[in-house]
Amino acid sequence: QVQLVESGGGSVQAGGSLRLSCTASGRTLMRYDMGWFRQVPGKERDFVASIPWSGGSTSTAASVKGRFIISRDNAKNTVYLQMNSLKPEDTAVYYCAARYYMSNEYRYWGQGTQVTVSS
């Protein structure tokens, strides 16, 4: 079992930056791919970014490409989402998730952290 806890959310002005953290307990994240997702009221949960367990090639949604960077520190059992040049449309609850590297499904999810971007 893996428990995930997000932190680092809050309120920021447009153009500002935040760094979200997701720390795992129960097991290490070795061999787990990690992803970030976000959800706004009345809409589906959207993919934001992902990173394989090896820390290699990352994937980023078109809406945040060039602004958000996903990274991980396996020694700390932590995954990060660096968010730069934030826009009001980035306002959402952000979730981290984990999937075993041989799986197609994100099995473990955090509780989410609120990010609010104002003009």
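Note that the structure is predicted; figures quoted are calculated from it, not measured.
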Do [X] and [Y] touch side chain to side chain, with heavy atoms closer than 4.5 Å?
X	Y	value
Leu86	Leu18	yes
Tyr100	Arg107	no
Thr113	Tyr95	no
Gln82	Ser71	no
Thr28	Asn74	no
Phe47	Ser59	yes

Fill in the blank from the handout: Minimal heavy-atom distance between Ala98 and Leu4, with the atoms involved, is N-CD1, 3.9 Å
Exercise for the section: Please report the closest heavy-atom contact between Pro52 and Gly56, naming both atoms and the distance. Expected result: CG-N, 3.6 Å
I'd like to know if [Y] and [X] are part of one continuous hydrophobic network [Ile/Leu/Val/Met/Phe/Trp/Tyr, side-chain heavy atoms within less than 4.5 Å].
X	Y	answer
Val2	Ile51	yes
Tyr101	Val79	yes
Leu81	Val12	yes
Tyr108	Tyr106	no
Met83	Ile70	yes

Which value, rounded to the nearest 0.5 Å, describes the distance between [X] atom [atom1] and [Y] atom [atom2]?
X	Y	atom1	atom2	value
Gln114	Glu6	CD	CD	12.0 Å
Tyr94	Leu20	OH	CG	7.5 Å
Thr78	Met34	OG1	CE	9.0 Å
Ser85	Arg67	OG	CZ	7.0 Å
Ile69	Asn84	CD1	CG	6.0 Å

Handout entry: Under 3.5 Å: donor-acceptor pair, side chain of Asn77, backbone of Leu29
Key = yes
Handout entry: Side-chain donor/acceptor of Asp33 to backbone N/O of Arg99, under 3.5 Å
Key = no
Problem - Exercise: do Thr116 and Thr91 side chains pair donor with acceptor under 3.5 Å - result: no
Problem - Full working for side-chain contact (heavy atoms from CB on, under 4.5 Å) between Arg72 and Tyr80 - result: CA-CA 6 Å; Arg72 66 191 298 163; Tyr80 305 97; 5.8 Å; no
Exercise for the section: Give a yes or no on whether the ring-centroid distance for Trp109 and Phe37 is below 6.0 angstrom. Expected result: yes
Problem - Within 6.0 Å of CD in Glu44, more than 12 heavy atoms from elsewhere - result: no
Exercise for the section: Please check if atom CD in Gln111 has more than 12 non-hydrogen atoms from other residues, nucleotides or ligands closer than 6.0 Å. Expected result: no
Practice task
Taking only Lys NZ, Arg NE, NH1 and NH2, and the carboxylate oxygens of Asp or Glu, determine whether Asp46 and Arg38 approach each other closer than 4.0 Å.
Solution key: no
